[in-house]
Asker: 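Below are the structure tokens for one structure; questions will follow.
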Amino acid sequence: MNKGQKFSVWYFLIALIVAWLFAEYIYKPYTEGKTEVPYSEFLADLDSNNVENADITESRIIYTLKENVSPDKRPIVGGVILTNKKAKNPENIKSVVRLSDPFLIERLSSADIKFGGIARKDGLIDLLMGILLPMLPLMIIWYFIFRNMHGAGGGIFSFGRSRAKELQGEMSGVHFSDIGGAGEAEVELREIIDFLKEPKRFDKFGAKLPRGVLLVGPPGTGKTLLAKACAGEAGVPFFFITGSSFVEMFVGVGAARVRDLFEQAKKKAPCIIFVDEIDAIGQSRMRNFNSNSEQEATLNQLLAEMDGFEDNNGVVIMGATNRPEILDQALLRPGRFDRQIQVVLPTEEGREEILKIHTKKLPLDPAINLKSIAKVTPGFSGADLANIANEASLLAARRKAEKVSMNDFDLAIERVVAGLQRKTPLTPEVRKKVAYHETGHALVSCYLPGSDPVHKVSIIPTTKGALGYTLNMPNEDKYLVTEAELRTRMAVMLGGRAAELLVFNEASTGASNDLERATETARRMVTEFGMSQKLGPVRYASPSMMYLSGNSEVRNDIGEGTAEVIDTEIKRLVSEAQEQATGILREHEKVLHEVAGTLQEKEVINHEEIQAIVDREKNAE
Ligand code: ATP
């Protein structure tokens, strides 16, 4: 946005310079060297026989006084007297606005004055001055109004031009050292940077690199910053555009913009095109019921351009969104945005790094402990932390202090938290519950053979409202799932609730989603997959709707008795899963406490850390 404003200031300066050049080189020479006099004075000069000769143009009469007439005899009215090389005495040349005087020629003839010349370029200059000069301010005002109507960045005649603001890689000036806590995303982006640095090397091996990289994550986590850092590290030009600016009030503009953007980018390859808020154009055509054809045309053009890339032509297109689920599937196909990089909310360590970056230039009180600030700000994004650092420095400046104190930071956090209700830090009790809940999921998964290995466990609240999460990574794509595997999955789902019951003797609302998923699995086992002995190999679910995944419905033509058996069977399966989970956690209660403790301390733990604790207990036995 700032860049747009800077842009308009430049235009304003250019308009001023043009106006000055006009005045200096066109208007001034025209008036220079001639004394502007009123018509009455011209008539007086004629009557006194003081006029040597006269040139008549469409709008003026330029006349020269006879040499012997002293200019001092008459007052000079208006105009500037400067040099005129042709005249012996420049002060003797007068200019007068030509009035509609029917006797003019007669007057000149009778005074025996040499006169003539009408085809002077003064006519054109007069026209310019008479019409264009008064219009100039109007034109400038009109231009700025127009620009504001269409946002910054585009010229009046450039609706179809892309708004991608090009920054040279060096100019983007951002490097990975300016980004905190982006470890994983950074590793994934390294390959792209290598490719941008040396596309030829990849060509030699016939390797094809992803053309599109989608950065997915909550707002303010530094997606734009990461894309900029890629350009900065690779030293290539960076084109930045937001999805919404493609779609304008003028029909057909979006598609033209996309075309223009890619044309520009190809000329500058290797380079990066970054489309922020890509969901503004890439929204699924299926779900967008009131889809406007303008958005669709823009999306189609984007897809066509991405398909039209030759392999490894050196243009990498990066998109950012915080709503990947609404994107059109066509955008995510191979050859388009086929690589997704998750940019998650920072961990405690990451938050400390980000705070370090943003306080680098601040005069900090030595008592400030960034680690403790990072500890109390779970769920805060990089942008929130940058905001906190800024608020703290403002508070210090306001109290005219030499250094930013810890108290400034405390107040700044309060301020930012007040502005972001959803980010109220969790109370220690809630944190503890969440930690045990997530550990429950993770440990059941660890101890049950055949379950998906745990990748990461976190108690950083997500923007979708979850207070924590356990990420399981399947080892392989499963096309066929056995009954035992389904039971294992259910046990893992219920592990969180089992842990809460075991440790706190009561369940909490945090498990409602787990219960829903476990119940749905049990329902399908019973009604779709024939996995209940009592009900036998009969399908009780209504015919499935292909492509529309969702909860299966029980057929409405089944008897009351059967419906009851279905319910009891579902209940049995869910209860068994819960008992299994409880049994495992009871057996390994020590590990449960240890992992939950570590999780409360570190907020995020990964597979290796959990495995280390599990192994330690095993060896101790
Ligand atoms: P949005 O989804 O709203 O477009 P974004 O994910 O693109 O947000 P950025 O615009 O990159 O976020 O980040 C906004 C600001 O927050 C940055 O200019 C920077 O000051 C700060 N910031 C965000 N993440 C980080 C980080 N990991 N390290 C340092 N600063 C960060």
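Atoms within a ligand are numbered from 1 in the order they appear, just like the ligands themselves.
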Asker: So, the side chain of His175 versus the backbone of Ala229: is there a donor-acceptor pair under 3.5 Å, distance only?
Answerer: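 No, His175 side chain to Ala229 backbone: no donor-acceptor pair under 3.5 Å.
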Asker: Quick one: does Thr321 get within less than 4.0 Å of ligand 1, heavy atoms only?
Answerer: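 So Thr321 does not count as touching ligand 1.
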Asker: Atom CG of Asp384 and atom CD of Glu391: how far apart are they, to the nearest 0.5 Å?
Answerer: 11.5 Å
Asker: Give the residue, atom name and distance (to 0.1 Å) of the protein heavy atom nearest atom 20 (O) of ligand 1.
Answerer: His358 CE1, 3.1 Å
Asker: Could you tell me the residue and atom name of the protein heavy atom closest to atom 2 (O) of ligand 1, and the distance to it rounded to 0.1 Å?
Answerer: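 Its nearest protein heavy-atom neighbour is Lys223 NZ, 2.9 Å.
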Asker: Heavy atom under 4.0 Å from ligand 1: found in Asn322's side chain, backbone, both, or neither?
Answerer: side chain
Asker: Mark the output for Lys228 as yes if a heavy-atom distance to ligand 1 is under 4.0 Å, and as no if none is.
Answerer: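 Contact check Lys228 vs ligand 1: negative.
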Asker: Just wondering, more than 12 heavy atoms not from Glu186 lying within 6.0 Å of its CD?
Answerer: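 Enclosed: over 12 neighbouring heavy atoms sit under 6.0 Å from CD of Glu186.
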Asker: Once the angle between the rings of Phe238 and Phe274 is folded into 0 to 90°, is it parallel (under 30°), tilted (30 to 60°) or perpendicular (over 60°)?
Answerer: parallel
Asker: Would you say the side chains of Asn390 and His358 form a donor-acceptor pair under 3.5 Å?
Answerer: no
Asker: Where is the nearest protein heavy atom to atom 9 (P) of ligand 1: which residue, which atom, and how far?
Answerer: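 Nearest neighbour among protein heavy atoms for atom 9 (P) of ligand 1, to 0.1 Å: Gly222 CA, 3.8 Å.
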Asker: Is there a donor in the side chain of Glu500 and an acceptor in the side chain of Ser508, or the other way round, less than 3.5 Å apart?
Answerer: yes
Asker: Under 4.0 Å from ligand 1, counting heavy atoms only, is it the side chain of Asp276, its backbone, both or neither?
Answerer: side chain
Asker: Determine whether Pro363 and Glu402 make a side-chain contact, defined as any pair of heavy atoms from C-beta on separated by less than 4.5 Å.
Answerer: no
Asker: Of all the non-hydrogen atoms in the protein, which one sits nearest to atom 14 (C) of ligand 1, and at what distance?
Answerer: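 Of the protein heavy atoms, Ala383 CB, 4.0 Å lies nearest.
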Asker: Looking only at non-hydrogen atoms, which of Gly180, Gly220, Gly382, Ala320 approaches atom 1 (P) of ligand 1 most closely?
Answerer: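 Ranked by closest heavy atom to atom 1 (P) of ligand 1, first place is Gly220.
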Asker: Which heavy atom of the protein is the closest neighbour of atom 7 (O) of ligand 1, given with residue, atom name and distance?
Answerer: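 Its nearest protein heavy-atom neighbour is Thr224 OG1, 2.6 Å.
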Asker: Counting only heavy atoms closer than 4.0 Å, does ligand 1 sit against the backbone of Thr221, its side chain, both, or neither?
Answerer: both
Asker: Would you say the side-chain atoms of Ser405 and Asp365 include a donor-acceptor pair closer than 3.5 Å?
Answerer: no
Asker: When you measure from atom 17 (C) of ligand 1 to each heavy atom in Ile179, Val216, Leu225, which option holds the nearest one?
Answerer: Leu225
